[in-house]
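Each chain gets a letter, A, B and so on, in the order its sequence line appears, and its residues count up from 1.
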There are 2 protein chains.
Amino acid sequence: MVNKTTTQDKILDAAEQLFASSGFADTSLRQITSMAQVNLAAVNYHFGSKKELIQSVLQRYLSVLMPRLDQEFSHLLASQKQNDLTAVLSVFIKPLLELNKVQHHGTRMFLQLLGRGYTDVQGHLRWFFNHHYGRTLDKFVLLVQQACPDLPASEIFWRLHFSLGTVVFTMASNQALQEIAAADFNENVEIEGVIHRLIPYLAAGIASPFTLSSQAH
Amino acid sequence: MVNKTTTQDKILDAAEQLFASSGFADTSLRQITSMAQVNLAAVNYHFGSKKELIQSVLQRYLSVLMPRLDQEFSHLLASQKQNDLTAVLSVFIKPLLELNKVQHHGTRMFLQLLGRGYTDVQGHLRWFFNHHYGRTLDKFVLLVQQACPDLPASEIFWRLHFSLGTVVFTMASNQALQEIAAADFNENVEIEGVIHRLIPYLAAGIASPFTLSSQAH
DNA sequence: ACTAAATTAAAACATCTGTTTGAAATGTAC
DNA sequence: GTACATTTCAAACAGATGTTTTAATTTAGT
């Protein structure tokens, strides 16, 4: 047998591609099984439901990424030196780019999926994520708080969600943005380039001085 | 006749509420007509199709907002003084808040719809917007370029889309964020408060210094 | 090789979707 | 009040969706 990819993997590979480019709601199981060259019933047999398939697709990346991030966060927390915000944010770069080893174009795939996950489905993915990786997230928030000691916790909360919006939206519409950039500016930016553009933008926004005008109105 | 709201308005009112909280794809015509207490066929009779209904819902706000913004942008462009970025971004505040006159909770509704529009549907809303209001958008980009003369056009392109992501995502998940903020920080932030928090964050991100590390990697 | 479990396959299921139809009701003008 | 156009309504339509069922097939253990 030349190609030993199992049915489950064929489904996951096809699903992540379609999910990333069309979103979860707008991708049908028939599209997936057709692209995977697999019987329709195989999805429900192997994964139970479409919802669980979505989680499995994300889990394939999260199970690699999150432990790596957790380790990096812990390491940074242990070192007593004052970490600046850019350093904290830059922690994401290497683990994200290493997703390319998990899968061809893994980084781009995962980030697009993340974008879709936060906009398409309303509740169950957010719950899934917080339930499994809430601890890791807490460490990150702590690092940001240490890097921005002048910001109240509520302000950090808002600004981190603002930043999440930037990342998620940019990745969800990544394809369209890359096409425009290529057409208008003759730029061919890989996902790595986008990440390197994002970091200083996010760092500046999160660390922007906290004035009274931010709250009074 | 006590209530003279026409069938079309009843549909638009119900539709915008459901669209804002559940997205376009996850809202069915039957939900809309049921909430509007109107016959199912009325949507296709009055609006033609669901797609056109979506556009009509947005148009009710855009037709008020965009001319006002265009006027403000033109005014700022005409004045020869150097406009700083915060001033340019602050132009949005008043016109946005005045959408509350168009409709109860109009500002929140519109911004949530905008968020949904950019994430849910893939192409046709973006086209619709650019086609109708592209000129106004160009003026805004020009103002930003004047305020950030050191940034190359391509960098401004990326940062403005980063910012769009922040706004759109924040507004799409506005309800969830407000609930968390209320529970964790005893904060009760109206949409106006969120806008005032957004401006400095966005201004800092867009105007962050352009270094070689942004492009080299 | 035989048996039992795991997997694949085709078909049907039940439900939901946006849209269309054709007749009833309502409003409007002369 | 009659004729006409507009609007409402219940019903059906055609298609797509996720899921289930039942039988055939393949795989693995002994």
Look at the side chain of [X] and decide which nucleotide, out of [options], has an atom nearest to it.
X     : options               : answer
A/S49 : D/dT19, C/dG18, C/dT8 : D/dT19
A/K50 : D/dA11, C/dT7, D/dG18 : D/dG18
B/L40 : D/dT19, D/dA11, D/dT7 : D/dA11
B/S28 : C/dT8, C/dA12, C/dT17 : C/dT17
A/L29 : C/dT19, C/dT8, D/dT19 : D/dT19
B/A41 : C/dT8, C/dT21, C/dT19 : C/dT21
A/R30 : D/dT8, D/dT19, D/dA12 : D/dT19
B/N39 : D/dT19, C/dT17, D/dC9 : D/dC9

Pair A/F92 and A/F140, ring centroids less than 6.0 Å apart: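 Yes, they do, as the ring centres are separated by less than 6.0 Å.
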Could you check how far [atom1] of [X] sits from [atom2] of [N], rounded to whole Å?
X     : N      : atom1 : atom2 : value
B/I32 : C/dT17 : CD1   : P     : 11 Å
B/Q37 : D/dA10 : CD    : P     : 13 Å
A/D26 : D/dA16 : CG    : C1'   : 13 Å
B/Y45 : C/dG18 : OH    : C1'   : 19 Å
B/Q31 : C/dC16 : CD    : P     : 11 Å
A/K51 : D/dT17 : NZ    : C1'   : 15 Å

Sugar-phosphate, base or nothing in reach of A/T27, heavy atoms under 4.0 Å: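 If one applies the 4.0 Å heavy-atom cut-off, A/T27 turns out to touch the sugar-phosphate alone, with no base involved.
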Touch class at under 4.0 angstrom, heavy-atom based, for A/A42 against every strand present: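 If one applies the 4.0 Å heavy-atom cut-off, A/A42 turns out to touch nothing in the nucleic acid.
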Do side-chain atoms of [X] reach the backbone of [Y] as a donor and acceptor pair under 3.5 angstrom?
X      : Y      : value
A/Q31  : A/S28  : yes
A/T170 : B/F162 : no
A/R159 : A/S208 : yes

D/dT6 OP1/OP2 closer than 4.0 Å to side-chain N/O of B/H46: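 So the side-chain polar atoms of B/H46 never come under 4.0 Å of the phosphate oxygens OP1 or OP2 of D/dT6.
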Residue met sooner reading DNA chain C from 5', once A/Q8 and B/N44 are mapped to nucleotides: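 The residue closer to the strand's 5' end, by nearest nucleotide, is A/Q8.
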Residue pair B/A181 / A/W158: nearest heavy atoms and the distance that separates them: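 Scanning both residues completely, I find the closest heavy atoms to be CB-CZ2, 3.8 Å.
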